[in-house]
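First up is the structure itself, then whatever we jot down about it.
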Amino acid sequence: MVEMAPATPGRAGTPRSGSTRGEEIRTARARRYLMCRPEHFTVAYEINPWMDSSRAVDTDLALAQWEHLRRTYLDLGHVVDLVDPLPGLPDMVFAANGALVIDGHALGVRFRHAERAAEAGAYAAWLRAQGIEVTDAVALNEGEGDFLLAGDWLLAGSGFRSDPASHAEAQELFGVPVVSLVLVDPRFYHLDTALAVLDDRTVAWWPPAFSPGSRRVVERLFPDAIEATEEDALAFGLNAVSDGRHVVVAAAARHLVAELSSRGYVPVPVDLSELLRGGGGAKCCTLELRDAVAAA
Ligand code: ARG
């Protein structure tokens, strides 16, 4: 377990009831995240429907929005590590795609698109330098873009990026039961664009992004799931990061923000509009390092 944050009101590790229903007390747990400053962020190629390489990116705005996100995590009491951004890898800011780390062990990634291939080695090298063991991936997998740990289950997406064969690989490596979910809407090409894990028992999601069978699986496993609207999903509201209590979420996902409050979570709205030009939001910028060695 990661150490709890100091007991400052509203920070991770200081449970408080925020539920309007009065029965739910959401508890925060301090996390360790890895992020990558968007110094070289731009839209130089198009590998998802959000990317338009004909429109210039405001890198300074992306940097300011990203810095606000980093500050938000620190203010919530989390630890944020940084991996150096590399020139020529404009999507490296999307750290979620760098690995999947559980119990201090990492499964490396293999990207579907050649444009991002070199990020895999950069992330693996950083993790190894921290003393985190990295198992190289065999099948294509884009890290926490398509793998989301939800309590006892590892939710695993396929359909656009990660190969379903990577799901079995992750299950074998971590010994955590994997639940394969099929994505069907190209706008929501990674699992973390269509579903957010709020705590061990609760997710928020937009059901139409999933195949009919996958929808039934999510409904079966998470009867309390929060349903986002299409508008929420298009604002990348589901690309959210929860510590169990505080949910860092796109401000523009208004319905979802209200729903989170009514369910006892504390929404922490952020604006990452410039990073959305690359098809990413808060979660895409954030890789959770679970029970890894202490930060340097
Ligand atoms: N431009 C990047 C890509 O298409 C965005 C990645 C977003 N990351 C995520 N975890 N959903 O690969």
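Keep in mind it's a predicted model, so treat the numbers as computed, not measured. Ligands are counted one by one from 1 in listed order, and the atoms in each one are counted from 1 as well. These numbers come from the heavy atoms of this one structure, side chains and all, not from hydrogens, waters or symmetry mates.
- Residues Y33 and V241 have side chains in contact (heavy-atom distance under 4.5 Å, counting atoms from C-beta outward).
- Of all atoms in ligand 1, listed by their number and element, those nearer than 4.0 Å to a heavy atom of G278 are 1 (N), 2 (C), 5 (C).
- Annotation: the span from W205 atom CH2 to T193 atom OG1 amounts to 13.5 Å, rounded to 0.5 Å.
- Of the heavy atoms in F111, none comes closer than 4.0 Å to ligand 1.
- A single hydrophobic cluster is seen to contain both F147 and V176, as judged by linkage of ILVMFWY side chains at heavy-atom distances under 4.5 Å, directly or through other members.
- Contact annotation: for R116 versus ligand 1, heavy atoms closer than 4.0 Å belong to the side chain alone.
- Residue W50 places no heavy atom under 4.0 Å from ligand 1.
- For the residue pair S166 / D163, no side-chain donor-acceptor distance below 3.5 Å is found, with atom types taken as modelled.
- By the 4.0 Å N-to-carboxylate-O rule, R201 lies too far from D199 to be salt-bridged with it.
- Residue-ligand proximity, I47 to ligand 1, at heavy-atom distances under 4.0 Å covers atoms 3 (C), 4 (O), 12 (O).
- K283 has a carboxylate O that lies under 4.0 Å from a charged side-chain N of E144, or vice versa, which qualifies the two as a salt bridge.
- Only the side chain of M51 comes within contact range of ligand 1, with a heavy atom under 4.0 Å; no backbone atom does.
- Regarding atom 8 (N) of ligand 1, its nearest protein heavy-atom neighbour is N97 OD1, 2.9 Å.
- Atom numbering of ligand 1 starts at 1 in the shown order; those under 4.0 Å from a heavy atom of G279 are 5 (C), 7 (C).
- Listed by atom number, the atoms of ligand 1 under 4.0 Å from A96 heavy atoms are 10 (N).
- With distances taken over non-hydrogen atoms, the option nearest atom 11 (N) of ligand 1 out of L275, D192, N48 is D192.
- By the criterion of a heavy-atom distance under 4.0 Å, the side chain of R161, and not its backbone, is placed next to ligand 1.
- Looking only at atom types and distance, the side chain of N97 has no donor-acceptor partner in the side chain of Y123 under 3.5 Å away.
- When G145, C284, A95 are checked for heavy-atom proximity to atom 7 (C) of ligand 1, C284 turns out nearest.
- Annotation: cation-pi pair R215/F210 absent, no NZ/CZ under 6.0 Å from the ring centroid and within 45° of its normal.
- For ligand 1, the atoms sitting less than 4.0 Å from at least one non-hydrogen atom of Y189 are 4 (O), 5 (C), 6 (C), 7 (C), numbered in the order shown with element in parentheses.
- Atoms of ligand 1 lying under 4.0 Å from any heavy atom of D91, numbered from 1 in the order shown and given with element: 1 (N), 2 (C), 3 (C).
- Salt bridge R290/D103: absent, no basic N to carboxylate O contact under 4.0 Å.
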